[in-house]
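Since the structure is predicted, the reported quantities are computational estimates derived from the model, not experimental observations.
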There are 2 protein chains.
Amino acid sequence: MDDDRNTRRRRANGEESRRRILDATVEVAGERGYEGTSIALVSKRCGLPASSIYWHFKDKDDLIAAVIERSFGRWLAALTLPDDSAGTPMARVTMLAQQVATALLEAPDFLRLGLMLTLERRPEEPSARTMFLQVREFAHRRVADMFAEFMPGLDPAAVQLLTTYALAGADGLFVAKEIGGDGVDLVRLFELHALALFDLAARLSS
Amino acid sequence: MDDDRNTRRRRANGEESRRRILDATVEVAGERGYEGTSIALVSKRCGLPASSIYWHFKDKDDLIAAVIERSFGRWLAALTLPDDSAGTPMARVTMLAQQVATALLEAPDFLRLGLMLTLERRPEEPSARTMFLQVREFAHRRVADMFAEFMPGLDPAAVQLLTTYALAGADGLFVAKEIGGDGVDLVRLFELHALALFDLAARLSS
DNA sequence: TTACAACTGTAGTGATCGCTACAGGAAAGC
DNA sequence: GCTTTCCTGTAGCGATCACTACAGTTGTAA
């Protein structure tokens, strides 16, 4: 069934164990933050001893960085990008905003953990935080490119401003959803956000 | 000089000690989150023994709740509300947004700690988190009233939506400032946010 | 002077922290 | 069979955790 992966076979339940450890970690970290994520609790939740965790991951920092990485991958996978060539700019921006919103609903861990790490400003940077900021920087560039393409009238400073506002809106709406729960319609709010961005772009273009 | 406060005089450096403890706590909590805030570290930073901390505060939960409370008070104090009767609605909304922005620049701890606590979803609610959510609910109602007053054409559902969007924008822009530091002009972004809200209100009124 | 309330300092409690040493089991290759 | 590699289980390291008991100090009021 599952034959050779690379030259060397994967043994027993190593892959499965790694997955279980990451599942437990994302759960604990989402509840208690970076410092609150204790190896003992993760061990209890995933049913594997601490030594297994330390066999798969160098240390706690490495573990949490791996969680961020996997969560981001899942979020990206949930993001089915809209067709690049369809409809008006307005329709395309709205479409993109809705895609982002549904991806956040499907895979919220990435942004939740990322924001938690971001708000903490400890002297020694956890590598998970650094990783989140890199991903975010990447997203920033992508969105900036999109604005530059859709709104040719914008000067670079305006594109920067608008991009920052766009990402901030996404963060804030996500937080609102985390607080408000089912009472908050994230997709509708992102649609509104797209509208707002469009109007702002028009204002800044003039 | 400082005579009777209530009937009983305040002794020695109790008030001063309480202040130093809270100062140290806000610093530590901002760096390391709720779980990461250890009494030993707070004790070291403020130069007072743990027993003093426990004399002033019931437990760690109580301490952090007090920090949130004081931080909110300071933020409110930094918020010099605009004159209720001056200018067009647009000018008044923009003015308010700028006031909120500068207050956040002057007293950022409140929102930072609040958001950190908000994103954590531990089974047993820390009272600090509850306190933040109450304050936020209060702010929500105030902003909703403002929208209802300035934009009479909005139906209640639209007011709710817009208010959620307004608060989310504030949260997100604050996070952007925390990440971007000096590269982010918070006041300018809040001005943009006011503009966006105005345009959205117009769209939702029609 | 006495009495008391308001703090501070010392010295711990048992529990939990991140992490490690190391023996052993289970599957794959020889 | 034997070895090698992968992974788990047990036990425990020193450090730190939240918190407390309690004696000591000090300003104020009677």
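- As a whole-Å value, the separation of B:Trp55 CH2 from D:dC22 C1' is 16 Å.
- When rounded to the nearest whole Å, the span between NE2 of A:His56 and P of D:dC7 equals 6 Å.
- When each of A:Asp59 and B:Leu48 is assigned the nucleotide of DNA chain C bearing its nearest heavy atom, the one mapping closer to the 5' terminus is B:Leu48.
- Taking A:Arg142 as the reference, nothing meets the salt bridge (charged side-chain N to carboxylate O under 4.0 Å, His left out) condition, with sequence neighbours excluded.
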Below 3.5 Å between N/O atoms, which protein atoms pair up with nucleotides 10-17 of chain D? Just atom names and distances, please.
from	atom 1	to	atom 2	distance (Å)
D:dC17	OP1	B:Ser38	OG	3.0

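- Legend: side-chain hydrogen bond (donor to acceptor under 3.5 Å, both in side chains) pairs involving residues 107-121 of chain A, not counting sequence neighbours, sorted by first then second residue: A:Asp109-A:Arg112, A:Arg112-A:Glu178, A:Glu120-A:Arg122.
- Remark: P of C:dG18 and NZ of A:Lys44 are 14 Å apart, rounded to the nearest angstrom.
- The pair A:Arg19-A:Glu15 does not count as a salt bridge, with every side-chain nitrogen at least 4.0 angstrom from each carboxylate oxygen.
- Distance A:Lys58 NZ to C:dG18 P: 15 Å, rounded to the nearest Å.
- Computed from coordinates, the B:Glu124 CD to D:dA18 P distance equals 14 Å when rounded to whole Å.
- Computed from coordinates, the A:Tyr34 OH to C:dG18 C1' distance equals 11 Å when rounded to whole Å.
- Nucleotide D:dG27 holds its C1' atom 16 Å from the CD atom of B:Glu16, rounded to whole Å.
- Residue A:Tyr54 contributes atom OH, which lies 11 Å from atom P of C:dC17 at whole-angstrom precision.
- Counting only residues at least two apart or in different chains, side-chain hydrogen bond (donor to acceptor under 3.5 Å, both in side chains) contacts with residues 40-50 of chain A comprise A:Glu27-A:Arg45, A:Glu31-A:Arg45.
- In this structure, the ring pair (Phe, Tyr, Trp, His ring centres under 6.0 Å) partners of B:Phe110, at least two apart in sequence or on a different chain, are B:Phe72, B:Trp75, B:Phe132.
- Within the structure, the salt bridge (Lys or Arg N to Asp or Glu O under 4.0 Å) test picks out the following pairs touching residues 53-74 of chain B (sequence neighbours left out): B:Asp23-B:Arg70.
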